[in-house]
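The block underneath contains the structure these notes are about, expressed in structure tokens.
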Amino acid sequence: MTNRTRTPASGFGELPGLMALMTGDEKHGPAATSTLDALWVLYDRVLRVTPETAQDQDRDRFLLSKGHGPMAYYAVLAAKGFLDPQVLSSFGAYDSPLGHHPDRLLVPGVEISSGSLGHGLPIGVGTALGLRAQGLHDPAVWVLLGDAEFDEGSNHEAVAFAGAYGLDRLHALVIDNSSATHGWRGGIAARFAAEGWSAETVDGRDHEALHAAYTAAHPGRPRVVVARVEPKNS
């Protein structure tokens with residue numbers, strides 16, 4: 001798998017150091033590192049949200065459905081100024097805001113409290129519907145999921161509904177590290193495409209490929225990007 005990364009002088013290169021500040025049991029390291037490149041490119045080059053605009057009505061919304069491995073998410077939030085990096089060393093402690101699952105009431109920039117598999121995409125569908133109902137057509141909704149979440153039936157219903165309703169401000173980013181119990185014939189992207197989504201599979205470590213997939217036009221259809229990375233247990 002190629003690894004052609006865009007690494008600004010200040011940014012992506014500092015993430016491993018930020019993640020190293022988080023220690024302890026149950027940190028789900030492989031689950032976190034599998035998302036690192038995809039999260040960085042999204043926050044660095046695509047999402048229209050900053051610490052100053054995190055409450056604005058017209059902000060883009062990012063929902064971490066894959067909330068059981070939030071270390072990379074916390075590191076990216078710290079690199080982007082949502083979090084004080086010094087709080088990272090408290091990860092998982094009793095009185096820390098940084099739990100093993102992110103809490104939207106405790107962590108700046110976090111849109112949903114997550115961790116239970118299968119919740120994020122249905123919430124993303126509801127968010128996109130709500131924005132449409134309010135006449136807000138600029139904000140994009142992004143949901144990051146793990147491939148194992150598609151063992152949950154709620155996601156299949158969300159995929160079908162979003163495609164049928166043409167929720168073109170909804171984007172799913174699926175990290176495929178070969179964790180799923182059940183595979184889909186033709187791959188994950190084919191399942192979305194069958195329900196009317198615009199779908200693409202890319203190398204989840206290639207920053208330019210990720211950016212191109214994130215920004216591809218998809219008029220009238222929701223968009224899914226499947227980011228393939230090394231198997232979790234490799």
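Counting from 1, the numbers follow the sequence of the chain as shown. Predicted model, so just to flag it, every value in this text is computed and none were measured. The analysis underlying the following values was restricted to heavy atoms, covering all of them including side chains, and did not include hydrogens, waters or symmetry mates.
- Atom-to-atom distance recorded for E157:CD and E195:CD is 11.0 Å, nearest 0.5 angstrom.
- Checking side-chain atoms of E149 against main-chain N and O of G146 turns up a donor-acceptor pair under 3.5 Å.
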Inset, instruction - Please report the C-alpha distance between E208 and R45 in whole Å, then the side-chain angles of each, then the deciding distance to 0.1 Å, and finally whether the salt bridge (Lys or Arg N to Asp or Glu O under 4.0 Å) criterion is met. - result: CA-CA 10 Å; E208 296 305 324; R45 304 174 66 180; 3.3 Å; yes
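- Side-chain contact between V41 and F12 is absent, with no heavy atoms from C-beta onward closer than 4.5 Å.
- Legend: side chain to side chain donor-acceptor pair (under 3.5 Å) pairs involving residues 115-131, not counting sequence neighbours: none detected.
- Of all heavy-atom pairs spanning A75 and L18, the tightest one is O-CD1, 3.5 Å.
- Using a 4.5 Å cut-off on side-chain heavy atoms (C-beta onward), K66 and S34 make contact.
- The backbone N or O of R221 lies less than 3.5 Å from no partner atom in the side chain of D168, so there is not a single donor-acceptor pair.
- Residue pairs meeting the side chain to side chain donor-acceptor pair (under 3.5 Å) criterion with at least one member in residues 129-142, sequence neighbours excluded, do not occur.
- Listed by first and then second residue, the salt bridge (charged side-chain N to carboxylate O under 4.0 Å, His left out) pairs involving residues 96-124 are R59-E111 (not counting sequence neighbours).
- Residues passing the side chain to side chain contact (heavy atoms under 4.5 Å, CB included) test with A172 are L121, L145, F192, W197, V224, sequence neighbours excluded.
- The shortest heavy-atom contact between P222 and G196 is CD-O, 4.3 Å.
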Inset, instruction - Quick one: do V226 and L173 satisfy side chain to side chain contact (heavy atoms under 4.5 Å, CB included)? Show the steps, please. - result: CA-CA 6 Å; V226 180; L173 169 57; over 6 Å; no
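- Considering every non-hydrogen atom in both A213 and V202, the closest pair reads CB-CG1, 3.9 Å.
- Counting only distance, with no hydrogens or angles, the side chain of T53 and the backbone of V49 share no donor-acceptor pair below 3.5 Å.
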Legend entry - Chi angles and distances behind the salt bridge (Lys or Arg N to Asp or Glu O under 4.0 Å) call for D37, R205: CA-CA 6 Å; D37 296 84; R205 301 301 187 193; 2.6 Å; yes
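- Distance check: M71 CE to L15 CG gives 11.5 Å after rounding to the nearest 0.5 Å.
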Inset, instruction - Determine, stepwise, if the pair I175 / L144 fulfils side chain to side chain contact (heavy atoms under 4.5 Å, CB included). - result: CA-CA 7 Å; I175 305 298; L144 188 151; 3.9 Å; yes
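- Taking the side chain as every heavy atom from C-beta outward, V87 and Y74 never approach each other to under 4.5 Å.
- In this view, S114 and L64, P102, I112 satisfy the side chain to side chain contact (heavy atoms under 4.5 Å, CB included) rule, not counting sequence neighbours.
- In this structure, OG on S90 lies 10.0 Å from CG on L21, to the nearest 0.5 angstrom.
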Inset, instruction - Test V229 against D176 for side chain to side chain contact (heavy atoms under 4.5 Å, CB included), laying out the working first. - result: CA-CA 6 Å; V229 297; D176 183 2; over 6 Å; no
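- Using modelled atom types, no side-chain atom of N177 and backbone atom of P231 make a donor-acceptor pair closer than 3.5 Å.
- Within the 3.5 Å criterion, the main-chain N or O of H171 finds no donor-acceptor partner in the side chain of Y214.
- Side chains of T201 and I188 form no contact here, defined as non-hydrogen atoms less than 4.5 Å apart.
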Enumerate, atom names and distances included, each donor-acceptor pair closer than 3.5 Å involving a side-chain atom of residues 78-85, sequence neighbours excluded.
{"residue": "K80", "atom": "NZ", "partner": "D44", "partner atom": "OD1", "Å": "2.7"}
{"residue": "D84", "atom": "OD1", "partner": "Q86", "partner atom": "N", "Å": "3.0"}

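- Smallest separation of non-hydrogen atoms from L77 and P108: CD1-O, 4.0 Å.
- The OG atom of S96 sits 8.5 Å away from the CG atom of L106 when rounded to the nearest 0.5 Å.
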Inset, instruction - Report the C-alpha distance between R61 and L47 in whole Å, list the side-chain angles of each, state the deciding distance to 0.1 Å, and finish with yes or no for side chain to side chain contact (heavy atoms under 4.5 Å, CB included). - result: CA-CA 8 Å; R61 276 76 166 169; L47 281 180; over 6 Å; no
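- Of all heavy-atom pairs spanning P70 and H100, the tightest one is CD-O, 3.2 Å.
- Across all their heavy atoms, G204 and L210 have their closest contact at O-CD1, 3.7 Å.
- R228 CZ to D206 CG: the interatomic distance, rounded to the nearest 0.5 Å, is 14.5 Å.
- Residues Y73 and L117 are members of separate hydrophobic clusters, defined by side-chain heavy-atom contacts under 4.5 angstrom among Ile, Leu, Val, Met, Phe, Trp and Tyr.
- Here the straight-line distance linking atom CZ of R191 with atom CZ of F150 works out to 9.0 Å at 0.5 Å rounding.
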